[in-house]
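Scope of the values below: all heavy atoms of this structure, side chains included, with no hydrogens, waters or symmetry mates. Counting begins at 1 with the first residue of the sequence. This is a predicted model, so every value here is computed, not measured.
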Amino acid sequence: MNAYAPILVLGALGAGFAIFSVVMATLVGPKRYNRAKLEAYECGIEPTPQPAGGGRFPIKYYLTAMLFIIFDIEIVFLYPWAVTFDALGLFGLVEMLLFALTVFVAYAYVWRRGGLEWD
């Protein structure tokens with residue numbers, strides 16, 4: 001247990017500081033509420049009213065998310081492959097080429113659908 005004592009003390013200090021900061025900001029901070037502060041902030045643009053059931057999002061939001069996930073997964077697989085490249089041999093090279101081909105197909109799909117254009 002002695003080995004974990006510094007970690008527990010540091011965690012307790014961090015949690016204590018976070019709780020202290022939130023409580024003190026609530027007690028001491030200014031409380032000048034107005035209409036502008038209570039509205040949702042959307043990058044400086046006035047918020048537009050949405051239908052009751054929500055609105056339809058443009059496909060570009062989903063394409064951007066899909067593109068991020070694809071390239072994130074690619075990096076997760078590329079780094080260990082590069083580290084063990086010599087041990088994998090020709091099999092590892094062929095598998096990575098097939099993986100890169102599937103990533104390229106996803107990239108081409110997003111490009112074709114206009115996910116990379118921000119008009």
Under 3.5 Å, side-chain donor or acceptor atoms of residues 81-95 against the rest of the protein: list the pairs with distances, not counting sequence neighbours.
from	atom 1	to	atom 2	distance (Å)
W81	NE1	G92	O	3.1
T84	OG1	P80	O	3.0

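- Grouping the Ile, Leu, Val, Met, Phe, Trp and Tyr side chains by contacts below 4.5 angstrom, directly or via other members, places Y79 apart from M96.
- Clustering ILVMFWY residues whenever any of their side-chain heavy atoms sit less than 4.5 angstrom apart, transitively, puts Y109 in a cluster other than the one holding L101.
- I75 and V105 fall into different hydrophobic clusters, where Ile, Leu, Val, Met, Phe, Trp and Tyr side chains are chained together by heavy-atom contacts under 4.5 Å.
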With a cut-off of 3.5 Å and sequence neighbours excluded, list every side-chain donor-acceptor pair involving residues 18-36.
from	atom 1	to	atom 2	distance (Å)
S21	OG	F17	O	2.9
T26	OG1	V22	O	2.8
K31	NZ	T26	O	2.8
K31	NZ	G29	O	3.3
N34	OD1	A36	N	3.2
N34	OD1	K37	N	2.8

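- Side-chain heavy atoms closer than 4.5 Å link hydrophobic residues (I, L, V, M, F, W, Y) into clusters, and following such links, possibly through other members, connects V103 to L97.
- Note on F71 and I73: same hydrophobic cluster, where clusters join Ile, Leu, Val, Met, Phe, Trp and Tyr whose side-chain heavy atoms are under 4.5 Å apart, directly or indirectly.
- Contact of the Y107 side chain with the L67 side chain is registered, since non-hydrogen atoms from C-beta on lie closer than 4.5 Å.
- Considering CD1 of I7 and CG of L10, their distance stands at 8.5 Å, rounded to 0.5 Å.
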